[in-house]
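What follows is one structure encoded as structure tokens, with my remarks underneath.
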Amino acid sequence: MRPFTHLRPDTAGDAVATVAADPDAVFLAGGTNLVDHLKLGVATPGTLVDVTGLTSTAVEDLPDGGLRVGAGVRNSDLAGDPRVRRAYPALAAALLAGASGQLRNMATTGGNLLQRTRCAYFQDVTTPCNKRVPGQGCAARDGWTRYHAILGAAQDSAGLQHCVAAHPSDMAVPMLAFDAVVRLTGPDGDRAVPITEFYRLPGDDPSRDTVLRRGELITAVDLPPSPIAARSTYRKVRDRASYAFALVSVAAAVAVEDGTVTDARVAFGGVAHGPWRATRAEDVLRGAPATDDTYRAAADAELADAAPLDTDVGGNAFKVPLLRGTLTSTLRTLVEGAA
Amino acid sequence: MDATITLTVDGRERTLTVDTRTTVLDALREHLDVTSPKKGCDHGQCGSCTVLLDGRRALPCLALAVAHDGADVTTADGLATDGELHPVARAFLDADAYQCGYCTPGQVCSAAAVLAEAGEGWPSAVTPDLDAERVTLDRSEIAERMSGNLCRCGAYANIVDAVASVAGTDGGAR
């Protein structure tokens, strides 16, 4: 591991100024992903700027009825918050589906959003990876892609920008469904970015996961008031019952009146470079009868552009029917629970 | 690059100088000769190093010592009081909840924390009603909440029995 300096500035402003001025510096929060990357050689910073204690650790009520989640709020505290459990149950469920009790006690809200892909090749510095080293190539291209993207991936014949990594966060999936807003402070001041615009597709620069600029620090995530979110759920499908990343996951909220879907929110995890908002599925659902046929049609609309990978070691075409079935059963369960 | 830090380990204040790259786990084991927490994967995937960090279960293999200057660490050893085993440790003995024992200190710390978290009313991924104020630690709840602690001997059935006995539930049918 490369030697590094550990700094503990007094204010978030000082932390931002330090990281903005030093391309070799990174923020450290809960450390559950970054410390692993230091060990693996995936991250080789010269300076760690510790932001523990510099951002809020509180979940506050907003005047409009929403919630402001401080970036320093631990995943376990957010999942345990009675307001989150009542008003945004899919968010509590997603948090509880992630990692383990030990890790949820360490991981922060800001860090969860910024965790990197668990693509085995990204994490293995002996294999080429365009996300780790732009232009190096992609070992996942012909490799083991069970946990990789089927939507929005960058697939190019030369392989120089190819990136099929999937974002691993569970928490971010319902946050996307509920139109959360990511609050940032940076060298040029504060700004708020809708989470729908926060994550990037790999495009021609897979190295960048988000639209964060150099030195910008997440200070909070705002959850807007959302009556529909009170009837929401999160379904995660994985290779073992617990303590594993998603093969596919679904965050969904639905409102039904007289057998007709009047409104819906749907987002997917485990299938794209970021959490994936299923707007096409939502469009099919709104105004349609609350039946399995509708749910399957919604899934088909969203998955029409799916581009699963076909490799010598299995590929991930199974994710298309798996996600279709998961969305259908999740919506059915939600609607039956409401009846 | 060295840093001097203080940790309170099992009730005893310890000051030590470590390279900034040192994890809390290595500070405990290699610098302070506190070998109760075991190094398994060293990547946050197995739970064998689990300790209580400032009162909550955490993985010291992913915690940098310099980032935890002033922290309070309780290992499985430190759960004992006045020479008496912690009720969870006693239950692991009574239920034969281990084979080789390597994961046991982490399991015991985790189980002690599970009881505290359930006491706070925290739900888990298998809790049917997320909004419920009380949690009953049945077998599925215990298995889910302990899922961050792997046991390669496969003593899980007896581990669940041990935790259930301390939780005051029979854990239901096996």
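Protein chains get the first letters and strands the later ones, always in sequence-line order, with residue 1 at the start of each.
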Relative to chain A, which segment of Ser110(B) carries a heavy atom at a distance below 4.5 Å: side chain, backbone, both, or neither? side chain
So, do Asn149(B) and Gln102(A) sit near enough that their side-chain heavy atoms are less than 4.5 Å apart? yes
Residue part contacting chain A, namely of Glu117(B), when any heavy atom lies under 4.5 Å: side chain
Rounded to the nearest 0.5 Å, how far does CZ of Arg145(B) lie from OG of Ser242(A)? 11.0 Å
Considering residues, nucleotides and ligands other than Arg240(A), do more than 12 of their heavy atoms fall under 6.0 Å from its CZ? yes
So which of Ser76(A), Ser100(A), Gly30(A) has the biggest tally of heavy-atom pairs under 4.5 Å with chain B? Ser76(A)
Spacing of Leu59(B) atom CG and Asn105(A) atom CG [to the nearest 0.5 Å]: 9.5 Å
Count the heavy-atom pairs under 4.5 Å between each of Val51(B), Val114(B), Leu62(B) and chain A, then report the option with the highest count. Leu62(B)
Within 6.0 angstrom of Arg2(A) CZ, more than 12 heavy atoms from elsewhere: yes
Rounded to the nearest 0.5 Å, how far apart are CG of Leu64(B) and CZ of Phe4(A)? 4.5 Å
Are the side chain of Arg21(B) and the backbone of Met1(A) linked by a donor-acceptor contact shorter than 3.5 Å? yes
Between Asp131(B) and Arg85(A), is there a salt bridge with N-O shorter than 4.0 Å? no
For the candidates Gly31(A), Pro3(A), Gly80(A), which exhibits the highest count of non-hydrogen atom pairs separated by less than 4.5 Å from chain B? Pro3(A)
When every non-hydrogen atom of Ala67(B) is compared with those of Asp50(A), the smallest separation belongs to CB-OD2, 3.4 Å
Quick check on Cys61(B) against chain A: is it the side chain, the backbone, both or neither that has a heavy atom closer than 4.5 Å? both
Taking side chain as everything from C-beta outward and backbone as N, CA, C, O, which of these in Asp129(B) sits under 4.5 Å from a heavy atom of chain A? Side chain, backbone, both or neither. neither
Part of Leu48(A) lying under 4.5 Å from any heavy atom of chain B: side chain
For the CZ atom on Arg12(B), are there more than 12 heavy atoms of other groups (residues, nucleotides or ligands in this structure) within a distance under 6.0 Å? no
Leading residue by heavy atom contact count with chain A [cutoff under 4.5 Å; candidates Glu133(B), Arg57(B), Met146(B), Glu120(B)]: Arg57(B)
Distance in Å, Arg56(B) CZ paired with Met106(A) CE, rounded so as to fall on 0.5 Å steps: 12.0 Å
So for atom CZ, which belongs to Arg231(A), do other residues, nucleotides or ligands contribute more than 12 heavy atoms lying within a distance under 6.0 Å? no
Can you tell which part of Thr23(B) gets under 4.5 Å to a heavy atom of chain A, answering side chain, backbone, both or neither? side chain
Rounded distance (nearest 0.5 Å) linking atom CG of Leu130(B) with atom OG1 of Thr233(A): 7.5 Å
Do other residues, nucleotides or ligands put more than 12 heavy atoms under 6.0 Å from the CG atom of Asp10(A)? no
Segment of Leu34(A) engaging chain B (4.5 angstrom heavy-atom cut-off): neither
Note, Trp122(B) side chain near Asp81(A) side chain (heavy atom, < 4.5 Å): no
Looking at Asp42(B), is its backbone amide N or carbonyl O close enough to the side chain of Lys39(A) to form a donor-acceptor pair, meaning the two atoms are under 3.5 Å apart? yes
Are His43(B) and Leu40(A) packed together at the side-chain level, in the sense that at least one heavy-atom pair is separated by less than 4.5 angstrom? yes
Is it the backbone or the side chain of Ala93(A) that comes under 4.5 Å from a heavy atom of chain B, or both, or neither? both
About how many Å separate CE of Met1(B) and OG1 of Thr5(A), when rounded to the nearest 0.5 Å? 4.0 Å
Checking heavy atoms, do the side chain of Arg86(A), its backbone, both or neither come under 4.5 Å from chain B? both
